[in-house]
Amino acid sequence: MSEQMVVYLSNIIMVLCIALLSIVANLVAKKIVLKIIIHIIHNNRYTWDNIFLEKKVFHKLSHLAPAFIIYYAAPIFPLYQSFIVKFALAYMIIVTITVFNALLDAIDAIYRTYEVSKMRPIRGYIQVAKIILYIIGAIVVISNLMGQNPLILLSGLGALSAVLMLVFKDSILGLVAGIQLSSNDMVRVGDWIEMPKYNADGNVIDITLNTVKVMNFDKTITMLPSYALISDSFKNWRGMEASGGRRIKRSVCIDTSSICFCTKEMIEEFQKVHYLSDYVLTRLDEINAYNTEHHINMESKVNGRQLTNIGVFREYVQEYLRNHPKIHKEMTLIVRQLAPGDSGLPLEIYAFSNETTWGVYESVQSDIFDHIFAIIPLFGLRVFQNPTGQDIVNLKERVITSHYLA
């Protein structure tokens with residue numbers, strides 16, 4: 001064979017040998033070394049290393065084995081040595097970047113297993129670290145392929161700073177917002193937040209560099225810009241959940257024409273009510289003592305002091321709530337009258353349930369008002385309601401009946 005043919009054949013044989021060695025190294029790394037590492041991880045008492053396995057940190061690391069063989073075999077081909085070294089180094093740098101990327105994901109996953117992650121999320125910082133990693137990796141790869149010092153490329157980035165600021169504007173704003181949200185403990189994963197401007201009303205399920213992901217109660221997902229939580233107003237219900245009480249604030253409108261002084265028969269009935277017996281006796285003694293002391297003529301109910309059905313009813317509701325097992329006893333409890341209007345006299349219930357879960361809270365509130373609406377007629381009171389179609393029909397029937405009787 002000619003000398004040129006010998007060179008070609010020897011190069012082909014060396015390339016095949018290097019390829020075979022690379023394949024063997026890859027198989028050894030994945031089938032033997034990696035399996036040994038997996039066995040050690042599965043049989044120790046630590047759990048955090050399983051996350052490294054799930055994020056495939058060691059799998060990605062195994063790709064370096066064939067790259068080292070190609071790199072150290074480059075001197076065999078003097079004519080192409082520089083070319084092979086550059087591409088082998090570029091490949092190793094890219095693999096190293098993917099390993100560090102998986103490592104950062106694993107660190108984030110491990111951190112999320114701790115309760116502190118809900119108060120101090122680091123997802124945004126991890127994303128910033130990834131951006132820096134990618135930028136540095138890209139500069140090193142390009143400088144390696146060009147055969148230039150990376151510092152030369154870095155010095156050239158000064159001219160591109162304006163472009164970089166424009167491209168990464170949202171990321172920079174998100175980073176600043178993430179630092180403020182975390183340092184001021186403004187929002188955590190799991191918080192219920194309400195932001196009408198963005199139609200967000202639900203639980204925070206993720207906080208990233210650029211966005212805050214909120215799952216609304218209708219199971220839709222709203223993506224909020226991180227910096228919007230700094231620049232705009234939003235409501236965080238965490239304080240309510242942490243306090244253990246959720247406010248009930250609702251009114252019952254009483255028909256003012258049904259309000260009257262209590263008759264003797266009504267007082268006798270009220271004394272039979274468990275929550276009112278002591279109150280009625282105490283108030284009667286107080287009223288009688290006052291009227292006797294001031295020589296009040298009781299032939300007219302206008303004179304002196306009298307019990308009213310609305311006052312007794314208000315006291316009953318107060319006692320009912322005090323003894324309700326689902327009402328928080330350490331928080332504000334008020335039953336008060338609001339200013340009367342076209343819809344009657346509003347009697348407002350202002351209390352706190354000791355259940356903060358939405359479904360349970362609504363059930364407690366409904367049970368309370370079910371009882372209140374059912375008990376109102378026993379006090380000689382009526383709930384105010386605008387006339388309905390059935391009221392007009394009844395009125396018409398009464399007119400016809402009275403006309404017929406006349």
Side-chain angles (χ1 to χ4, degrees), residues 248 250-327 329 333-351 364-388 390-402 404-406:
I248 298 173
R250 187 182 290 181
S251 300
V252 177
C253 292
I254 305 296
D255 190 342
T256 53
S257 63
S258 64
I259 298 175
C260 64
F261 291 117
C262 295
T263 63
K264 191 174 293 186
E265 292 77 13
M266 293 171 66
I267 292 174
E268 290 175 357
E269 288 297 321
F270 294 156
Q271 287 178 332
K272 298 176 184 177
V273 179
H274 176 68
Y275 293 142
L276 290 176
S277 56
D278 293 339
Y279 169 78
V280 171
L281 289 174
T282 303
R283 291 290 289 170
L284 283 176
D285 291 341
E286 180 184 333
I287 289 170
N288 290 333
Y290 176 85
N291 293 335
T292 302
E293 182 182 349
H294 293 82
H295 307 288
I296 304 298
N297 182 7
M298 298 305 298
E299 293 180 1
S300 174
K301 289 188 176 182
V302 176
N303 299 328
R305 297 171 61 182
Q306 302 283 342
L307 282 176
T308 60
N309 57 350
I310 186 68
V312 176
F313 174 68
R314 181 162 48 83
E315 180 63 26
Y316 171 81
V317 175
Q318 186 99 12
E319 286 299 317
Y320 172 74
L321 294 174
R322 283 199 189 103
N323 290 275
H324 198 287
K326 296 294 183 180
I327 295 297
K329 305 302 186 295
L333 195 160
I334 300 173
V335 180
R336 60 175 181 168
Q337 292 182 15
L338 301 181
D342 296 340
S343 57
L345 176 66
L347 191 71
E348 185 183 72
I349 312 298
Y350 191 101
V364 170
Q365 185 171 233
S366 298
D367 287 343
I368 290 172
F369 280 89
D370 287 347
H371 180 78
I372 289 174
F373 280 114
I375 207 73
I376 280 177
L378 299 180
F379 291 83
L381 297 168
R382 291 189 304 273
V383 177
F384 181 87
Q385 180 174 299
N386 289 321
T388 64
Q390 186 60 41
D391 295 327
I392 295 172
V393 171
N394 293 338
L395 180 61
K396 183 178 178 181
E397 290 177 353
R398 289 176 185 175
V399 170
I400 292 172
T401 304
S402 60
Y404 176 77
L405 293 175

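The chain is numbered in sequence order, starting from 1.
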key: Residue pairs involving residues 307-318 (criterion side chain to side chain donor-acceptor pair (under 3.5 Å); sequence neighbours excluded)   = Y316-H371

message = Using the salt bridge (Lys or Arg N to Asp or Glu O under 4.0 Å) criterion, which residues pair with E319? Sequence neighbours excluded.
response = R322

key: Euclidean distance, L321 CG relative to K329 NZ, rounded to 0.5 Å   = 9.5 Å

What donor-acceptor contacts under 3.5 angstrom involve side-chain atoms of residues 273-281, with partners at least two apart or in another chain?
residue : atom : partner : partner atom : Å
S277    : OG   : H274    : O            : 3.4

Test log, rule side chain to side chain contact (heavy atoms under 4.5 Å, CB included), inputs Q337 and I310 = CA-CA 10 Å; Q337 292 182 15; I310 186 68; 3.8 Å; yes

query = Quick one: CG on L381 to OG1 on T256, what's the gap to the nearest 0.5 Å?
reply = 11.0 Å

query = Considering residues at least two apart in sequence or located in another chain, which fulfil the salt bridge (Lys or Arg N to Asp or Glu O under 4.0 Å) criterion with D255?
reply = R382

remark   = salt bridge (Lys or Arg N to Asp or Glu O under 4.0 Å) filter on R305, not counting sequence neighbours, yields E286

task = Determine whether I372 and F313 make a side-chain contact, defined as any pair of heavy atoms from C-beta on separated by less than 4.5 Å.
result = yes

key: side chain to side chain contact (heavy atoms under 4.5 Å, CB included) between I248 and I327, intermediate numbers included   = CA-CA 9 Å; I248 298 173; I327 295 297; 4.2 Å; yes

key: D370, CG: over 12 other non-hydrogen atoms inside 6.0 angstrom   = yes

Straight-line distance of F384 CZ to D342 CG, nearest 0.5 Å = 7.5 Å

message = Applying side-chain hydrogen bond (donor to acceptor under 3.5 Å, both in side chains), can you list everything that pairs with Q306, at least two apart in sequence or on another chain?
response = none

ask   = Is there side-chain contact between I368 and R250, with heavy atoms separated by less than 4.5 Å?
value = no

Sequence-distant partners of F270, ring pair (Phe, Tyr, Trp, His ring centres under 6.0 Å), two or more places apart = F379

query = Can you list the residues that meet the salt bridge (Lys or Arg N to Asp or Glu O under 4.0 Å) rule with K272, with sequence neighbours excluded?
reply = E269

query = Taking side chain as C-beta onward, heavy atoms only, is I254 less than 4.5 Å from I376?
reply = yes

ask   = Considering residues at least two apart in sequence or located in another chain, which fulfil the side-chain contact (heavy atoms from CB on, under 4.5 Å) criterion with S251?
value = L338, P346, E348

Listed partners of Y290 passing ring pair (Phe, Tyr, Trp, His ring centres under 6.0 Å), at least two apart = H294

message = Measuring only between side-chain heavy atoms, which start at C-beta, is Q271 closer than 4.5 Å to L284?
response = yes

ask   = When you look at I375 and Y320, which way does the side chain to side chain contact (heavy atoms under 4.5 Å, CB included) test go after all the steps?
value = CA-CA 11 Å; I375 207 73; Y320 172 74; over 6 Å; no

